[in-house]
Number of protein chains: 2
Amino acid sequence: MSGRISILLEPLDALVNQDKILQSLIAENLVSDPDSARGRLLREAARLFRDKGYERTTVRDLAAAVGIQSGSLFHHFRTKEEILKAVMVETIRLNTAVMQAAMSAADSNREKLRALVSAELESINGQTGEAMAVLVFEWRSLSEASQAEVLKLRDIYEALWLDVLNALKDEGALVADPFVVRRMLTGALSWTVTWYRPERGGLTQDGLTDQVVAMLGLSQS
Amino acid sequence: MSGRISILLEPLDALVNQDKILQSLIAENLVSDPDSARGRLLREAARLFRDKGYERTTVRDLAAAVGIQSGSLFHHFRTKEEILKAVMVETIRLNTAVMQAAMSAADSNREKLRALVSAELESINGQTGEAMAVLVFEWRSLSEASQAEVLKLRDIYEALWLDVLNALKDEGALVADPFVVRRMLTGALSWTVTWYRPERGGLTQDGLTDQVVAMLGLSQS
DNA sequence: CCTACCGATCGGTAGG
DNA sequence: CCTACCGATCGGTAGG
């Protein structure tokens, strides 16, 4: 599982697999088609929110990013906050699906944890528009009503993590409390968006995943 | 070191010690006296920035928190951003001093790491006005000129962490890369501000420190 | 999806 | 430290 060939193939497999999942979610109307007007707006919004923050991103920035006038935005969304909510809802839906697929492909709990870490790092730092970092850092910009709505989806997502961490605890592989570990990982992984620059060389995303797993005291199996 | 008495005394010792450090920093004009107009404003600003974010905090919020009119703020600070910079500078100065003291009191590298984790958790979640969380989460709200200025102080602070982590790596106690571990810890520890509520019971700050150390695979000594 | 514009609020200023 | 106010910019609207 750690030979030279799998290192080359894994990212490719993951990409193909992720595209299949995306297509089926679009078909079920759970996420927007990236080629639609709505989809393109959400992708640009996610990028802007991630890079400069929700509060510092104006409706004029959002409109300019997709080449329309600011007033035209409100044909698609009633408020700016609704755009933030949509970004979060679609991000979490896609990621939950991607992670469930990655989990079912893994045999051991250690591999499952590695898959979760890897997928979340990809979602936070990836160029594909799924900005998990927005979900984490802009949470308090969401109205309470929207928070409650997104929280239901988040609970499902978090349950994936807790199941694996609890299993590792039962195995004796994990010493610390699974709940605390998950919260620490949420902070640690999202924080990578501020410093991790894979395009500058150095640590690959796979190498970073290894480091996270090593930090937890779990060998790579 | 882990008897019933030390559990009771440690927090008190830490408080007394921290106050001594604060007094000497005030004497050197490195941080503002908490009882001065400037000091009270910075303390309220830190709390507001931490709780609702810099962008969402208006100059009118800041003025109201100390009972003056918004225009009067600009007698003390030329711009709102200057207030943010002052909060960050004074926070990092105080914390560097507190940490250096904690380090010199510790014998082993494991104890030093524990002291660093404990001090940072206190600075992030404490009620004493030293809001490390602001330094982390509002970094991008700082102008580039101010960032460069604060960065010099941060480098000293980060060096404290890297020295201890590198020593633990050399001892064989740490498996992962010290640099990566420190960045992960930055995210993990600051993220506690969003979920950790010691006043609600449950995990104590000491217990949380234990969990973090346990998560890193380092026993409590 | 555009043009034209709104009321509110923002950070900051002038003069005392 | 206050009163009174500013220009700019914000999210959002009306009518086409």
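Proteins get letters first, then strands, A, B, ... in listed order; numbering begins at 1 in each.
- A salt bridge between A:Glu90 and A:Arg38 is present, with a side-chain N of the basic residue lying under 4.0 Å from a carboxylate O of the acidic one.
- Proximity note for B:Lys80 (side chain, C-beta onward) versus C:dC10, C:dG12, D:dC10: the nearest is C:dG12.
- Of the candidate nucleotides D:dC1, D:dT13, D:dC5, D:dC1 has the atom nearest to the side chain of B:Ala37.
- Comparing D:dC1, C:dG12, C:dC1 by their nearest atom to the side chain of B:His76 picks out D:dC1.
- Nucleotides of DNA chain D nearest to A:Ser72 and A:Arg56 differ in position, and the one nearer the 5' end is that of A:Arg56.
- In this structure, CD of A:Glu55 is placed 15 Å from C1' of C:dG11, rounded to the nearest angstrom.
- Checked for salt-bridge contact, A:Asp61 and A:Lys52 meet the test: a charged N lies under 4.0 Å from a carboxylate O.
- Using the Watson-Crick or G-U wobble rule with both distances under 3.5 Å, D:dG16 pairs with C:dC1.
- One atom, CD of B:Glu82, and another, P of C:dT13, lie 11 Å apart when rounded to the nearest Å.
- Closest to the B:Val59 side chain, of the nucleotides C:dC5, D:dC1, C:dG11, is C:dG11.
- As a whole-Å value, the separation of A:Phe74 CZ from C:dT3 P is 16 Å.
- For A:Arg78 and D:dG12, a side-chain-to-base donor-acceptor distance below 3.5 Å is absent, hydrogens and geometry of angles not being considered.
- Comparing D:dC1, D:dT13, C:dG11 by their nearest atom to the side chain of B:Ile68 picks out D:dC1.
- One interatomic measurement links the two molecules: OH of B:Tyr54 to C1' of C:dC10, which rounds to 12 Å at whole-angstrom precision.
- No salt bridge links B:Arg182 with B:Asp177; every basic N to acidic carboxylate O contact stays at or beyond 4.0 Å.
- A cation-pi arrangement is absent between B:Lys85 and B:Phe77, since the terminal nitrogen or guanidinium carbon is not both under 6.0 Å from the aromatic centre and inside a 45° cone about the axis.
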* To do: Would you sort out whether A:Arg47 and A:Glu44 count as a salt bridge (Lys or Arg N to Asp or Glu O under 4.0 Å), showing the intermediate values?
  => CA-CA 5 Å; A:Arg47 194 181 50 78; A:Glu44 292 300 320; 2.7 Å; yes

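- Side-chain nitrogen and oxygen atoms of A:His75 include none within less than 4.0 Å of the OP1 or OP2 phosphate oxygen of C:dC2.
- Nucleotide D:dG11 holds its P atom 8 Å from the CG atom of A:Leu62, rounded to whole Å.
- For the pair A:Phe77 CZ and C:dC1 C1', the interatomic distance rounds to 15 Å; values are reported in whole Å.
- Following rounding to the nearest Å, B:Arg60 (CZ) and C:dT13 (P) show an atom-to-atom distance of 13 Å.
- In this structure, CG of B:Leu48 is placed 12 Å from P of C:dG11, rounded to the nearest angstrom.
- When distances run from any side-chain atom of A:Gln69 to the nucleotides C:dT3, D:dT13, C:dG11, the shortest one goes to C:dT3.
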